[in-house]
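Presented below is the structure to which this report refers.
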Amino acid sequence: MSIKVKLENGAEAIYPEGTTCFDLYKEKTAENKELLAVLVNGKECDLAEPLTDSSKVEFVDFDTPPGADIYRHTASHVLAHAVKRLYPKAKLGIGPAIENGFYYDFEFDEPISSDDLEVIEKEMKKIIKERQPIRRQEMNRQEAIKLFEERDEPYKIELIMDLPEDTVISCYEQDDFIDLCAGPHLPNTRMVKAFKLTALAGAYWRGDERNPMLQRVYGTAFPDKERLEDYLNMLEEAKKRDHRKLGRELDLFSLHEEGPGFPFFHNNGTIIWQELTDYWRAEHRRAGYEEIKTPLILNRSLWEESGHWDHYRDNMYFSKIDEDDYAIKPMNCPGAMLVYRSKMHSYRDLPRRIAEMGIVHRHELSGTLHGLMRVRSFTQDDAHIFMLPDQVQSEVAGIIDLMDRIYRVFGFHYRVELSTRPGKAMGTLEMWHKATNLLEKVLLEKGVDYRLNEGDGAFYGPKIDFHLEDCLGRSWQCGTIQLDFQMPEKFDLTYVGEDGDKHRPVVIHRVIYGSMERLIALLIEHYGGAFPTWLAPTQVAIIPVTDRSHEYARKVCDRLKDENLRVFVDQRNEKVGYKIREAQVNKVPYMLIVGDREVESGQVAVRHRGQGDLGSDDLDNLIKKVKIEVKEKII
RNA sequence: GCCGACGUAGCUCAAUGGUAGAGCAGCUGAUUUGUAAUCAGCAGGUUGGGGGUUCGAAUCCCUUCGUCGGCUCCA
């Protein structure tokens, strides 16, 4: 008997029955040493697996999708193997491949410290050198439990217990190390060429804070030393864009022990802030929004009415005024509800889109604070939209359009998530179902590419989240659209319908920037501190060559100020090169060098921070050009 | 909050139990300079705070605050 195998180039080949993936793999690697694994009918597959008739076989190397994951997953097994050799009593958690690397969780008798990573790396190198063959074993549940009982691996047994009764359980074995694992893996340990353990961190077992905290070892692996080095260098380069570093260097903001999580914005940061809010107001007026301001501190009764007292108290700050309990607002919604409720509404008034640049305070856990990205006091570009039930779809669609238009101006790439009902939630399952379906419908109709995020909704409703990435590729939620059938109930909001009866409006909470602080952090990293001219704190630096040209320089400066540009004259007693260097380091978009020649001709010598020396130009031309750049928000 | 690491001048970093130091920034003076750093001088620190060990602590121990990397949480 023989079987038909379709290879990736489309050719069909006949092999004897019983031919395994490994046979084909060996045949193929003889000509291409880069190959790591095979896919059978599109599925990652173990090499020992025999092929069936009319299989379609593809080969993957490190750069074909599952390749890097398989490679790094094997590296994580080598890590666990090394740890078990060095600390035989350590208990194994889980050890998957992740984006750009892998990790493995362990429980040690005595916690290890980051210095121990070096020793573990050494042992890993030994295991790699030993070229341990990696073998798959299959067994039933009973056998698997027995095996891990013998090896005293309680976490593995817990994982097996959660698998369906009749599953065939696979384990991978190398030398005396065995791990519960679906696979597949590389054929032997020697194939892991270049790796590095990068970090040690705590991680709760199965991500639940009620569970014990294990120690997680992070690492990364690449097919050769050069690519590993390139990756590590890239990380170093990315760190130069870190908003905390640039924020200090560019004098944008500061953080102080006196106010952990409460950032201080300096003049330069405040200029960016104001440009962002000016633009935001213009867009929102155009999109039919009103704007309000509500108090920071409000009475306890309001928070009881809104449900925050029951659902959000742990994150709130409190105060007492004349013996009464007050809370500092952690969200803007209750204030907006009161504004809505302050008068009668006709169905003709709706939708009412009420925006607020609202400062909120939340007691975030100390370990989660992160520069401007994660703070305890922040300004949300909030809006609450009160509408008729049949307006929901068009309103959500409108917000998605506004979001996209605004993000595009910054040149952001974003990822969209639909978050569903969390464990701790208000309202009936039916309401949640209805609300979630509505959001999903709009996303599908708009053709938005989104990902489902089960259980991550707000306590009052499901939401669509917009995520942006920081310099190290960490994802941060910014925009969000949250559907809310709860607040209108709680606050007994009504409108008078066509029929003359009172009806319940629907509310959407939404932010576009998310928080001003987080947005500014992301913008700093996105632009590497070189803000587009419309946002740059200083737009033009005027650099006189000698003090003979100071007077002319000041005249040029006044002219630019009249045109509403942010400009200064560097009158210090320094050489031109020195002043240029400083303006470059401060990422000022335009430098105007004025010396005797310019005084004579009445022009300016233009230098751009990115394009360098642009030669002489008339001041009017330059102003026209820069003003267009500002107006059009050219990146 | 939990796990691990770190905290020395405004910034970046030296000093491993024996007199706290450098570069940049700052100030003063000289220099009048043409597209990424002119020269010289001066000043700057109860080594995050508190406690302890020691003849002696930046250094060792305890504690507390903050920061960084994760986990959990979230804009």
Side-chain angles (χ1 to χ4, degrees), chain A residues 103 105 108 111-117 198-218 239 242 244-245 248-249 251 254-261 314-315 330-331 358 360 362-376 378-382 419 422 456 458 463 465-468 472 474 476-480 482 509-519 521-522 543-550 573-585 591-598 605-609 612-615:
Chain A
Y103 68 78
D105 288 345
F108 292 94
I112 61 164
S113 93
S114 38
D115 298 338
D116 298 317
L117 295 185
T198 49
L200 179 67
Y204 298 110
W205 167 241
R206 304 190 122 185
D208 189 328
E209 60 185 330
R210 288 165 304 192
N211 286 338
M213 178 160 275
L214 310 181
Q215 282 194 294
R216 177 171 295 178
V217 178
Y218 282 92
K239 280 185 192 155
D242 191 309
R244 292 165 297 193
K245 182 175 152 68
R248 188 173 48 236
E249 288 170 357
D251 199 15
S254 58
L255 294 160
H256 303 271
E257 279 198 28
E258 291 84 348
D314 291 350
N315 281 295
M331 294 185 195
V360 296
R362 299 181 184 175
H363 180 74
E364 302 294 350
L365 295 178
S366 59
T368 63
L369 301 181
H370 182 100
L372 289 185
M373 296 279 191
R374 191 78 196 281
V375 293
R376 283 177 171 159
F378 53 101
T379 301
Q380 291 184 306
D381 64 317
D382 223 336
S419 296
D456 211 36
K463 54 181 188 162
D465 292 329
F466 294 74
H467 290 254
L468 299 173
L472 292 176
R474 291 174 294 207
W476 297 90
Q477 185 189 313
C478 287
T480 178
Q482 311 184 343
H509 312 244
R510 50 107 279 186
V511 290
I512 292 188
Y513 288 164
S515 91
M516 293 301 295
E517 289 78 1
R518 183 174 287 180
L519 174 76
L522 286 162
I543 300 175
V545 178
T546 72
D547 48 19
R548 284 193 302 282
S549 27
H550 280 189
N573 183 2
E574 296 289 351
K575 291 179 155 182
V576 172
Y578 182 89
K579 296 182 193 176
I580 284 175
R581 180 185 149 78
E582 196 157 289
Q584 285 284 154
V585 168
M591 284 152 270
L592 304 183
I593 290 84
V594 294
D596 294 338
R597 295 203 293 266
E598 285 71 28
V606 183
R607 180 186 167 97
H608 185 267
R609 71 175 168 212
D613 191 348
L614 298 178

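Proteins get letters first, then strands, A, B, ... in listed order; numbering begins at 1 in each. All values reported here derive from a predicted model rather than from experimental measurement.
Proximity of A:I593 to A:V545: side-chain heavy atoms (C-beta onward) are separated by under 4.5 Å at one or more points. Contact of the A:V585 side chain with the A:R609 side chain is not registered, since no non-hydrogen atoms from C-beta on lie closer than 4.5 Å. Residues A:C478 and A:L468 form a side-chain contact, since some pair of their non-hydrogen atoms from C-beta on lies under 4.5 Å apart. Two residues are said to be in side-chain contact when any heavy atoms from C-beta on lie closer than 4.5 Å; A:R518 and A:R374 meet this criterion.
Proximity note for A:M213 (side chain, C-beta onward) versus B:rC3, B:rU72, B:rG69: the nearest is B:rC3. Of the candidates B:rA75, B:rU72, B:rU67, the closest approach to any side-chain atom of A:P260 belongs to B:rU67. Side-chain proximity of A:R548 to B:rA75, B:rU72, B:rU32: nearest is B:rU32. Relative to the side chain of A:K463, the nucleotides B:rC71, B:rU67, B:rA75 differ in distance, and B:rA75 lies closest.
Rounded to an integer number of Å, the gap from A:W205 CH2 to B:rU72 P is 13 Å. Across the protein-nucleic acid pair, A:L369 atom CG and B:rC65 atom P stand 14 Å apart, rounded to whole Å. If you take CE of A:M373 and C1' of B:rC74, they are 14 Å apart, rounded to a whole angstrom. Straight-line distance from the CG atom of A:N315 to the C1' atom of B:rA75: 12 Å, rounded to whole Å. Summarising the geometry, the separation between NE2 on A:H363 and C1' on B:rU72 is reported as 14 Å, rounded to the nearest angstrom. Residue A:L522 contributes atom CG, which lies 15 Å from atom P of B:rA75 at whole-angstrom precision. B:rC3 atom P lies 18 Å from atom CG of A:L117, rounded to whole Å. Look at NZ on A:K579: it is 11 Å from C1' on B:rG34, rounded to the nearest Å.
With sequence neighbours excluded, no residue forms a side-chain hydrogen bond (donor to acceptor under 3.5 Å, both in side chains) with A:D547. Remark: A:Q482 engages A:Y460, A:T480 in a side-chain hydrogen bond (donor to acceptor under 3.5 Å, both in side chains) (not counting sequence neighbours). Residues that satisfy the side-chain hydrogen bond (donor to acceptor under 3.5 Å, both in side chains) test with A:T546, not counting sequence neighbours, are absent from this structure. Contacts of A:R597 classified as side-chain hydrogen bond (donor to acceptor under 3.5 Å, both in side chains), with partners at least two apart in sequence or in another chain: none. By the salt bridge (charged side-chain N to carboxylate O under 4.0 Å, His left out) test, A:R362 pairs with no residue at all, sequence neighbours left out. A search for side-chain contact (heavy atoms from CB on, under 4.5 Å) contacts involving A:S113 returns A:D115, A:D116, not counting sequence neighbours.
Rounded to a whole angstrom, the distance from the P atom of B:rG48 to that of B:rG7 is 8 Å. Only the P atoms considered, B:rG44 is 50 Å distant from B:rA75, to the nearest whole Å. Nucleotides B:rG41 and B:rA36 place their C1' atoms 26 Å apart, quoted to the nearest Å. For the C1' atoms, the distance linking B:rU28 with B:rU67 amounts to 36 Å, nearest Å. To the nearest whole angstrom, the two P atoms, one in B:rA57 and one in B:rG52, are 12 Å apart. Atom name C1', nucleotides B:rA25 and B:rU16: the rounded distance is 30 Å, in whole Å. Between B:rC62 and B:rU54, the distance separating the two C1' atoms is 16 Å to the nearest Å. Using C1' as the reference atom, B:rC6 and B:rA58 are 14 Å apart when rounded to the nearest Å.
Using a 4.0 Å cut-off, some side-chain N or O of A:R474 falls inside it from OP1 or OP2 of B:rG70. The side chain of A:T480 contributes no N or O atom lying less than 4.0 Å from OP1 or OP2 of B:rA75. A:R244 has a side-chain polar atom (N or O) that falls below the 4.0 Å cut-off from OP1 or OP2 of B:rG69. A sub-4.0 Å separation between OP1 or OP2 of B:rC74 and a side-chain N or O of A:Q477 is absent.
In a base pair of the Watson-Crick type (N1 to N3 plus N6-O4 or O6-N4) or a G-U wobble (N1-O2 and O6-N3), with each distance short of 3.5 Å, B:rC39 is matched with B:rG29. Pair assignment for B:rG7 gives B:rC65, based on Watson-Crick or G-U wobble hydrogen-bonding distances that are each under 3.5 Å. Across all strands shown, B:rG70 is found opposite B:rC2 as a Watson-Crick or G-U wobble partner, with both distances under 3.5 Å. Summarising the base pairing, B:rU54 is matched to no nucleotide, lacking a Watson-Crick or G-U wobble pair whose two defining distances lie under 3.5 Å.
One N or O donor and one acceptor, one from the side chain of A:R374 and one from the base of B:rC73, sit under 3.5 Å apart.
Base contact: A:R518 has a heavy atom under 4.0 Å from a base atom. Using a 4.0 Å heavy-atom cutoff across all strands shown, A:Y103 reaches no nucleic acid atom at all. The residue A:H370 sits close only to the backbone: its heavy atoms come under 4.0 Å of sugar-phosphate atoms, none of a base. Residue contacts shown for A:V360 are absent, as no nucleic acid heavy atom lies under 4.0 Å away. Among the heavy atoms of the strands, none lies under 4.0 Å from A:G259.
Remark: ring of A:F378 overlaps the six-membered base ring of B:rA75 in a stacked fashion, centroids less than 5.5 Å apart, planes less than 30° apart.
Between A:R206 and A:D208 there is no salt bridge, since no side-chain nitrogen of the basic residue lies less than 4.0 Å from a carboxylate oxygen of the acidic one.
Between atom CG of residue A:D382 and atom NE2 of residue A:H509 there is a gap of 8.5 Å, rounded to the nearest 0.5 Å.
Screening residues 574-585 of chain A for salt bridge (charged side-chain N to carboxylate O under 4.0 Å, His left out) gives A:R572-A:E582 as the qualifying pairs, with residues at least two apart or on separate chains.
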Between the protein and nucleotides 4-12 of chain B, which nitrogen or oxygen pairs come in under 3.5 angstrom?
from: B:rU12; atom 1: OP1; to: A:R248; atom 2: NH2; distance (Å): 3.1

Could you list, one pair per line, each protein nitrogen or oxygen that sits under 3.5 Å from a nitrogen or oxygen of nucleotides 35-37 of chain B, together with the distance?
from: B:rU35; atom 1: O2'; to: A:R607; atom 2: NH1; distance (Å): 3.2
from: B:rU35; atom 1: O2; to: A:R607; atom 2: NH1; distance (Å): 3.3
from: B:rA36; atom 1: N7; to: A:R607; atom 2: NH2; distance (Å): 3.4
from: B:rA36; atom 1: N6; to: A:Q584; atom 2: NE2; distance (Å): 3.1
from: B:rA37; atom 1: N7; to: A:R581; atom 2: NE; distance (Å): 3.2
from: B:rA37; atom 1: N7; to: A:R581; atom 2: NH1; distance (Å): 3.2
from: B:rA37; atom 1: N6; to: A:R581; atom 2: NH2; distance (Å): 2.5
from: B:rA37; atom 1: N1; to: A:R581; atom 2: NH2; distance (Å): 3.2

